[in-house]
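Atoms within a ligand are numbered from 1 in the order they appear, just like the ligands themselves. All values below were derived from every heavy atom in this structure, side-chain atoms included, with hydrogens, water molecules and symmetry-related copies excluded.
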Amino acid sequence: MPPGGWRLQQTLPDGSTKKWASMGLLWELATQIADFRAGNGLPNATAKEIVHEIEEQTCVRLHDDPSWCVSAEKKSPRAALSQRFANVVRAAAGGSRILVEWLGEGAKPVAIALAQARANVCFTCPENKEGHRWLRLTADAVRAIAEQMQAKAEMKLHVEGEEKLHACAICLCPLPLKVHVPLNNILQHTDEATLNAFPPWCWLTTER
Ligand code: SF4
């Protein structure tokens with residue numbers, strides 16, 4: 001959380017200024033602003049774009065305080081991305097770390113049939129929780145998840161009924177991604193206490 005929390009200021013087509021501020025989760029604020037933009041026919045109405053805008057405005061507001069901001073001029077896009085993912089690995093907890101390493105190491109996703117079978121279990125599981133508060137993600141992790149969702153789309157990984165997959169309240173993982181992750185990757189990056197917390201009907205429990 002940067003000093004003063006997350007804020008965004010936007011000039012609307014009628015010339016008025018709209019301001020948002022939150023001391024809560026960045027992703028929740030970005031989603032709220034995305035809803036406003038989409039509802040009013042405004043451009044850049046995705047949470048990912050808005051996270052980026054909030055980040056840009058935050059650095060302007062903090063006068064590029066090096067504790068919070070890294071100059072884009074000093075980094076090539078690839079180096080910046082590497083740094084971002086390095087930060088994620090340090091900062092993200094549990095499931096988001098699994099997902100970062102899954103893509104970072106180039107691991108292959110599981111077969112779609114297995115991903116679908118896993119998803120079918122999650123659909124009726126009470127731990128499949130709607131709402132971003134379950135993710136407890138840092139800003140870096142939020143960006144990484146958004147970027148990984150993009151990578152997922154490009155890999156055409158999709159299960160039927162994906163809109164019913166939210167976040168698992170046990171591991172705090174985004175389920176639309178987690179169902180594609182090989183079991184070994186999950187096991188290598190999940191602590192014993194979390195593994196033992198999965199209910200007996202969970203596909204993780206049965207696959208183990
Ligand atoms: S506990 Fe298992 S089945 Fe339930 S939501 Fe989490 S991953 Fe899915």
For Glu207, look at atom CD and say whether over 12 heavy atoms of other residues, nucleotides or ligands are found less than 6.0 Å away.
yes

side-chain contact (heavy atoms from CB on, under 4.5 Å) test vs Leu8 passes for just one of Val51, Ile54, Leu29, namely Ile54

Return the minimal non-hydrogen interatomic distance between Thr17 and Gln9, and the atom names on each side.
CG2-CG, 3.4 Å

Between Pro199 and Thr205, the two heavy atoms sitting closest are O-OG1, 2.9 Å

Can you give me the closest heavy-atom contact between Leu175 and Cys122, atom names plus distance?
CD2-SG, 3.9 Å

Closest heavy-atom contact between Arg61 and Arg7?
NE-CD, 4.0 Å

Under a 4.0 angstrom heavy-atom cut-off, which atoms of ligand 1 come close to Leu175?
5 (S), 7 (S)

Only protein N/O/S atoms count here: give how many lie under 2.8 Å from atom 2 (Fe) of ligand 1.
1

